[in-house]
Amino acid sequence: MINYSRQSIDNDDIEAVVQALKSDFITGGKRVEEFEEALCRYVGTKYAVAMNSATSSLHVAYLCAELKKDDEIITTPLTFMATSNAALMVGAKPVFCDVKSDANIDENKIESLISPKTKAIVPVDFGGKPVEIQKIKSICKKHNLLLIEDSCHALGSEFNGKKVGIDADIAIFSFHAIKPITTCGEGGALVTNSKEIYKRAKLLRSHAIEKKRVWNSDAFELGYNYRMSDISASLGISQLKKLDRFIEKREQIAKFYDKTFKGNPYFYTQKLPAHIKSSYHLYPIFLDRSLWCAKEEIYEELHKRGIGVQVHYKPVYQFSLYKNLFKEQKLHNAEEVYKSELSIPCHQEMSLEDAKFVAINLMDVLKKQNHCRK
Ligand SMILES: *Cc1c(COP(=O)(O)O)cnc(C)c1O
């Protein structure tokens, strides 16, 4: 099966993890700091705090934003539900903003959703395509809101020549197995230029315990165990060195797809203007509405042929958890993107031959779906 995404682990990675396993500290050692420094150098921020997942990092980011019960964040429904679930963890309410045809949040629809309770705006760089960060940043500035960018797909993406994450107050990255790089299957981090946020995030990551004299310590608030181990960090350090190579490879696959699919009657793809660069975490295609009714069959037929496509995402407000907590809602473009989107395989372990196989089979499967065309 050629999956829509997958990890790459080579001998250097394995050797790095073995070395970490053999060292005195397999957690709480120096490798986590080393990884954080490498992340800062890569993204260009002053601080990074590595954690055991991006979900933990989002939770900590919302705590750093002082989100309290009944406060609101504005975010996209087309995301992995952790983005808004972490807001629920602190008692806050996610307000969902509609998206554009590329599945990124519609920056022009954000301002009308701002209320006196709004504390933060949380866009997601869908598939690795950066959101319109400068426009969103100016909205945040005007209304005195925090900009928390869920960049879980977008480590290595760029906007106007700058790495994604650098323009937000806090940006979140995921190192889950199939994200742009991995740290032993699970992991995440937040990056920031604020010393205050950095210090608070570090505290909350580890029970909010502050060291005093000798063995004595104290805690002033509730913290968590969201620490990353040195084993995970060792893989992160090794993987980060290869990220640009991974992205180059994914870009090669994506460019091949772009060329092959140009002008086809079945779907459109994300447009990437010259001032942005994608990490190509996903290669989403958006089916023509005449094919929406056949999407389940298309999905199943592609899986039968060994092509592990996936759908990103069921709008978060459609989950029963959200329907039961909030009023039922429907955002027009989010619904349409959900009906049309399929992520086809695009990762650094694929060859161009694999991409050709995907393209030929995709076209063949779509061609045979005539019955639902009107
Ligand atoms: C993967 C992902 C998360 C959660 O990341 P974990 O590291 O699995 O907790 C959050 N938001 C988005 C957009 C994601 O893709």
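Counting starts at 1 for both ligands and their atoms, in listed order. The structure presented is a predicted model; accordingly, all values stated were derived computationally and were not measured.
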I114 vs L145 side-chain heavy atoms within contact, under 4.5 Å: yes

Shortest reach to atom 13 (C) of ligand 1 by a heavy atom, considering only L78, T79, I172, T183: T79

Hey, which atoms in ligand 1 end up nearer than 4.0 Å to a heavy atom of [X]?
{"X": "G187", "result": "7 (O)"}
{"X": "V124", "result": "13 (C)"}
{"X": "S53", "result": "7 (O), 9 (O)"}
{"X": "Y313", "result": "15 (O)"}
{"X": "F80", "result": "2 (C), 3 (C), 4 (C), 12 (C), 14 (C)"}
{"X": "A54", "result": "4 (C), 5 (O), 6 (P), 7 (O), 9 (O)"}
{"X": "T83", "result": "11 (N)"}

Starting from [atom], which protein heavy atom do you reach first, and at what distance in Å?
{"atom": "atom 9 (O) of ligand 1", "answer": "T55 OG1, 2.5 Å"}
{"atom": "atom 2 (C) of ligand 1", "answer": "K179 NZ, 2.6 Å"}
{"atom": "atom 11 (N) of ligand 1", "answer": "D150 OD2, 2.8 Å"}

Residue-ligand contact F173/ligand 1, heavy atom below 4.0 Å: no

Nitrogen or oxygen of E186 less than 3.5 angstrom from that of ligand 1: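 Such a contact does not occur with ligand 1.
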
Aromatic ring proximity, centroids under 6.0 angstrom, F267 and F286: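 Ring-ring flag for F286/F267: false, centres at least 6.0 Å apart.
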
Side-chain donor or acceptor of Y338 paired with backbone N/O of L78 under 3.5 Å: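 The answer is no, because no donor-acceptor pair under 3.5 Å joins these two groups.
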
Any donor-acceptor pair under 3.5 Å from D71 side chain to K68 backbone: yes

Rounded distance [0.5 Å steps], OG in S53 versus CD in E186: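 The distance works out to 7.0 Å.
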
So that I can tick it off, tell me whether [Y] and [X] are bridged by a salt bridge, with the cut-off set at under 4.0 angstrom between side-chain N and carboxylate O.
{"X": "E336", "Y": "R289", "answer": "yes"}
{"X": "E196", "Y": "R200", "answer": "no"}
{"X": "K142", "Y": "E111", "answer": "yes"}

Exercise: do S151 and D125 side chains pair donor with acceptor under 3.5 Å: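 Yes.
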
